[in-house]
Amino acid sequence: MKKILIVEDEIPLLKALADRLTREGFSTLEAKDGLVGLNVALEEHPDLILLDIIMPGMDGMEMLEKLKVNPLSKNIPVILLSNLGDTSKILEGIEAGAESYLIKANVKLEDVVKIVKEKLGVNIA
Amino acid sequence: MTKEKEIDKAKSEFVSLASHQLRTPLTAINWYIEMLQDKDVGVLNDKQKEYFLEIYKGSRRMVDLLNDLLNVSRLETGRLKIEPVPTDLKAFIQEVCKELQPLVLEMGCHLLFKLPEKLPEVNVDQVLLRQVISNLLTNAIQYSSVGKAGQVIVSLAVSPKEYTISVKDNGIGIPKEVQGRIFEKFFRADNAHEIMVDGNGLGLYLVKQIIDAFGGSIRLDSEVGKGSIFYVTISLSGMKAKVGQKGLEK
């Protein structure tokens, strides 16, 4: 079973993502800020990380940078999931090593599931 | 900076902050409505489905309005940066059209393409060009599909120096006397109001502002009762790309 770490400080969004991905047959790990997220990533080695950007404490960009310099975590694909839609922010995320950047308000959960499956090479129904 | 400009800047910054803050609860509303329609959590009856669809449509309209307001605020505070990346223009246009497929189906519209077979990669800001094409297409689909099956044709023509994207519809058309005003902020033609098509009067304003920022031009041919064609022309050398970047998802 593929393991997905969701790092998101907005509890309703965290719960929606976790519920939907669980129903798709993934196991999920949850973290509400970047520091906890980073520790969970290093201990649990998820197959993919869904990462919010604006969070209290360590934000998503800082967590992404730390993931990418650590040999233990640098190959884990990261999808940034944010409501910041400036082109410069998106390019910054992609340059920092994220696989994709999705604007939460503009995507359905179905789109998130689709891209997670695509990145993990799981069959898309 | 004059007092008036300071007030305008503060107003735009407030709109930007408020729009960002509103996006999160709206995302939650949309995602949970989507999950309620999932058979795994229980089956809704037809009336419930109908009501949820109305909530969803209202909420999506609010997201669209916030997105437009955010872009207006970026433009008006000079925070709009153009970030071109090398792009397969044909695939890009098809991708944007695909995203509008739910609207195409809902309105019962025929969406056709006239795209050249082979094209060189073009440097474009994908986020901004996506907004331009999407706004023009949304209008074309909505205004051509009132009381009949509308037809929208998206074309692309490339010359050595520039490319032109055109969006043609067989809709209600724009009266001659207001054609000079359709790119004004919050302007909507009377015949657009009459047929009860959703709109906030920001779509074409944003299109024009973005095209101006690209150094391009936009032209309109329209006749009431027959339809409209919008032509967007952008110089091939106008945007220099940041090389080595992957395509953007959204």
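Order of the sequence lines fixes the chain letters, A, B, ..., with proteins taken first and strands second; residue numbering starts at 1 for each chain. None of these values were measured; they are calculated from a predicted model.
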K.L.:
Heavy atom to heavy atom, less than 4.5 Å: which residues from residues 1-14 of chain A reach chain B?
P.N.:
A:E10, A:P12, A:L13

K.L.:
Measuring from atom CD1 of A:I90 to atom CD of B:E83, what distance do you get when rounded to the nearest 0.5 angstrom?
P.N.:
9.5 Å

K.L.:
Tell me which of these, B:N67, B:L66, B:D64, has more heavy-atom pairs under 4.5 Å with chain A than the rest.
P.N.:
B:N67

K.L.:
Which residues satisfy the side chain to side chain contact (heavy atoms under 4.5 Å, CB included) test with B:N71, sequence neighbours excluded?
P.N.:
B:R74, B:Q131, B:L206

K.L.:
Working to the nearest 0.5 Å, report the span between NZ of A:K15 and OH of B:Y32.
P.N.:
5.5 Å

K.L.:
Identify the two heavy atoms, one from B:R60 and one from A:A105, that lie closest to each other, and give their separation to 0.1 Å.
P.N.:
NH1-O, 3.0 Å

K.L.:
Need one label for A:L84: side chain, backbone, both or neither, based on atoms under 4.5 Å from any heavy atom in chain B.
P.N.:
both

K.L.:
So with a 6.0 Å cut-off around NZ of A:K68, is the heavy-atom count from everything else above 12?
P.N.:
yes

K.L.:
Do A:K104 and B:W31 make a side-chain contact, defined as non-hydrogen atoms from C-beta onward lying under 4.5 Å apart?
P.N.:
yes

K.L.:
Return the CG to CZ distance between A:N106 and B:R130, rounded to the nearest 0.5 Å.
P.N.:
9.5 Å

K.L.:
Taking 4.5 Å as the heavy-atom cut-off, does anything in residues 33-51 of chain B contact chain A, and if so which residues?
P.N.:
B:E34, B:M35, B:D38, B:D40, B:V41

K.L.:
Counting a contact as any heavy-atom pair under 4.5 Å apart, which residues of residues 24-46 of chain A contact chain B?
P.N.:
none

K.L.:
Under 6.0 Å from the CZ atom of B:F113, do we count more than 12 heavy atoms belonging to anything else shown?
P.N.:
yes

